[in-house]
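Here the structure comes first, spelled out in structure tokens, and everything after it is commentary.
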Amino acid sequence: MSTTTAIESVHAREVWDSRGRPTVEVEVTLSGGTTGRAIAPAGASRGSGEAVDLRDGGSRLGGFGVRAAVAHVETTLGPALHHADAAEQAYVDATLVDADATPDKSRLGGNALVATSMAVAHAAAAAAGVPLWMWLRGDTGDVRLPMPEVQVIGGGAHAHRRVDLQDFMVVPRGAATVAQALEWVAECYAATGAVLSDRSGRVTHGVADEGGHWPDVGGNEAAIEALTRGIERAGFEPGREVSIALDVAASEFGGGGRYRLAADDVELDADAWCERLLGWVDTYPVSSVEDPLAEDDLDTFAAFTRAVGDRVQVVGDDLTVTNAARVDAAAAAGTANALLVKPNQVGTLTEARAAFDAARRAGWETIVSARSGETEDVTIVHLAVGWGGDQLKVGSITRGERTAKWNELLRIEDRLGAAATLQHPRR
Ligand code: PGA
Ligand code: ZN
């Protein structure tokens, strides 16, 4: 071990996230004096197989306090890591997993573990004197930058279920660089806002949890249609230059073979819901659909993928929860063809990387993703670039916790210049 990368101290504190809730921040100091810091994100629409986001309960802050998770970092995880080599991420993460010793990280908290795991990576990169993305990169040669997948209209759990689908996003697939991609997104965001204003008669709209326009529309299809018109109004050819990505997050309104679409005032069985969704995919320039069916509806999920998987990216999120074993199972069954990668769904960087690698082995696309509860922490951007992820999803282009990530990606692209190439989606 280098004498400068031994973990000297691990300190945690409560800080705030974008939904006004507390979350865990961890600061790691190495023997050579460098430090690394990271903050745990939190999700609103969680898969049932996710690592537990440990909350205090009780009356303080609506039960959302994280004092116990903070204490676990200070009294258990920190001492377990004392003098471990921060450059050995796999060993560090195995130590964290062993210290918790539950299958779902419920004893010490997935939030305590993920913030610690990421803070150690930051400290190791700092000790090596390189940005985190470079530290995480195994190979050399050109750097692949992820294609942005950006929310324009928010829905589902992020907009008080004003519509049922959760994310109405754009993929600026015709853009040549990240800078151009985000400029196109900004044009689509503004134009879609104008379409919504024309239809509602209201000049301004609120924003949903991840910064997308509040869904001031008459139903789920109306939101997809408004986004399509927004892309056109911004001057782009829908489908070829800018396509639509939907996160259905179907487990939020479906399960047990029934899908209750409150915004459309209809309840459908799995086959009828699948048919309706396939109709939207055919009618609108949709290139990606995340969690189209509920996580307990594997057969219909696979049927959806069989129907459109050659031309549409079908993404597992609640289905796969960044778990390598679940990705292997879903790949074998043909349930999806792309993976959403969220480190806090599983608890450590090493486990998230294993799920990412499982997706790669299966020939799936990878989409590294933030959560709805976010902060100024930009670790996720470095993971996407360092691991060579195909796409990056961090919500919209408004609100500071989102722009922090896009701006970090712009900085990386700017510094790399011609050494970076933007990835273009296969479907
Ligand atoms: P969440 O949603 O962070 O609220 O779970 C994000 C997503 O489903 O992709
Ligand atoms: Zn999702």
Side-chain angles (χ1 to χ4, degrees), residues 17-21 23 39-53 55 64 110-111 114 146 148-171 207-212 215 244-255 277 286 288-295 297 301 304 313-323 326-327 330 335-336 338-347 352 355 359 364-375 377 379-380 383-384 389 391-396 399 401-402 405:
D17 79 8
S18 56
R19 284 194 302 232
R21 288 179 185 164
T23 185
I39 310 177
S45 69
R46 294 203 291 269
S48 62
E50 292 194 22
V52 170
D53 182 15
R55 300 288 168 169
F64 285 103
N111 42 352
V114 80
E149 193 180 85
V150 190
Q151 189 191 73
V152 174
I153 301 173
H158 302 161
H160 297 294
R161 304 183 192 285
R162 178 71 182 70
V163 291
D164 303 282
L165 272 56
Q166 183 172 286
D167 289 311
F168 303 84
M169 298 171 284
V170 290
V171 181
V207 296
D209 276 356
E210 296 190 7
I244 292 179
L246 300 172
D247 182 3
V248 175
S251 296
E252 291 288 308
F253 60 87
L277 205 46
V286 175
S288 178
V289 184
E290 182 177 327
D291 284 340
L293 280 299
E295 58 175 89
D297 211 342
F301 210 129
F304 181 85
Q313 175 172 279
V314 184
V315 186
D317 172 15
D318 294 347
L319 172 78
T320 35
V321 290
T322 316
N323 178 310
R326 285 183 185 237
V327 175
T335 319
L339 178 69
L340 206 72
V341 181
K342 293 166 164 171
N344 84 323
Q345 282 185 319
V346 65
W364 286 18
E365 298 278 289
T366 53
I367 304 136
V368 179
S369 171
R371 303 301 307 246
S372 49
E374 274 293 338
T375 65
D377 186 288
T379 308
I380 204 75
L383 298 179
Q391 291 149 48
L392 176 64
K393 175 186 177 190
V394 303
S396 197
R399 299 182 48 140
E401 78 282 1
R402 313 290 150 187
K405 277 102 172 145

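The analysis underlying the following values was restricted to heavy atoms, covering all of them including side chains, and did not include hydrogens, waters or symmetry mates. Atoms within each ligand, like the ligands themselves, are counted from 1 in listed order.
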Salt-bridge present (E50, K342; N to O < 4.0 Å): no
Using the rule given for side chain to side chain contact (heavy atoms under 4.5 Å, CB included), can you reason through R371 versus R46, listing the C-alpha separation, both sets of side-chain angles and the distance that settles it, and then say yes or no? CA-CA 10 Å; R371 303 301 307 246; R46 294 203 291 269; 3.8 Å; yes
Which residue and atom name correspond to the protein heavy atom nearest atom 2 (O) of ligand 1, and how close is it?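 Here the nearest protein heavy atom works out to Q166 NE2, 3.2 Å.
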Identity and distance of the protein heavy atom lying nearest atom 9 (O) of ligand 1: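 Nearest neighbour among protein heavy atoms for atom 9 (O) of ligand 1, to 0.1 Å: K393 NZ, 2.7 Å.
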Any N or O of [X] that comes nearer than 3.5 Å to an N or O of ligand 1?
| X | answer |
| --- | --- |
| A370 | no |
| D167 | no |
| D317 | yes |
| R371 | yes |
| R46 | no |

Side-chain H-bond candidate by donor/acceptor type, T379 with D377, under 3.5 Å: yes
Assess the side chains of Q151 and D247: does a donor N or O sit below 3.5 Å from an acceptor N or O? no
Strictly under 2.8 Å of the Zn ion (ligand 2): which protein N/O/S atoms qualify? D247 OD2, E290 OE2, D317 OD2
Answer side chain, backbone, both or neither: which part of D209 comes under 4.0 Å from ligand 1, heavy atoms only.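 For D209, no heavy atom sits under 4.0 Å from ligand 1.
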Test of understanding: given a 4.0 Å heavy-atom threshold, classify the contact between D291 and ligand 1 as side chain, backbone, both, or neither. neither
Heavy atom of A249 under 4.0 Å from ligand 1? no
The side-chain contact (heavy atoms from CB on, under 4.5 Å) partner of S369 among V394, L339, L340 is L340
Option with minimal heavy-atom separation from atom 6 (C) of ligand 1, where the choices are E149, E374, K342: K342
Starting from the C-alpha separation in whole Å, work towards a yes-or-no answer on side chain to side chain contact (heavy atoms under 4.5 Å, CB included) for T23 and F64. CA-CA 9 Å; T23 185; F64 285 103; over 6 Å; no
Please identify each residue that fulfils side chain to side chain donor-acceptor pair (under 3.5 Å) with S288, with sequence neighbours left out.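 For S288, the residues satisfying side chain to side chain donor-acceptor pair (under 3.5 Å) (neighbours in sequence not counted) are Q313.
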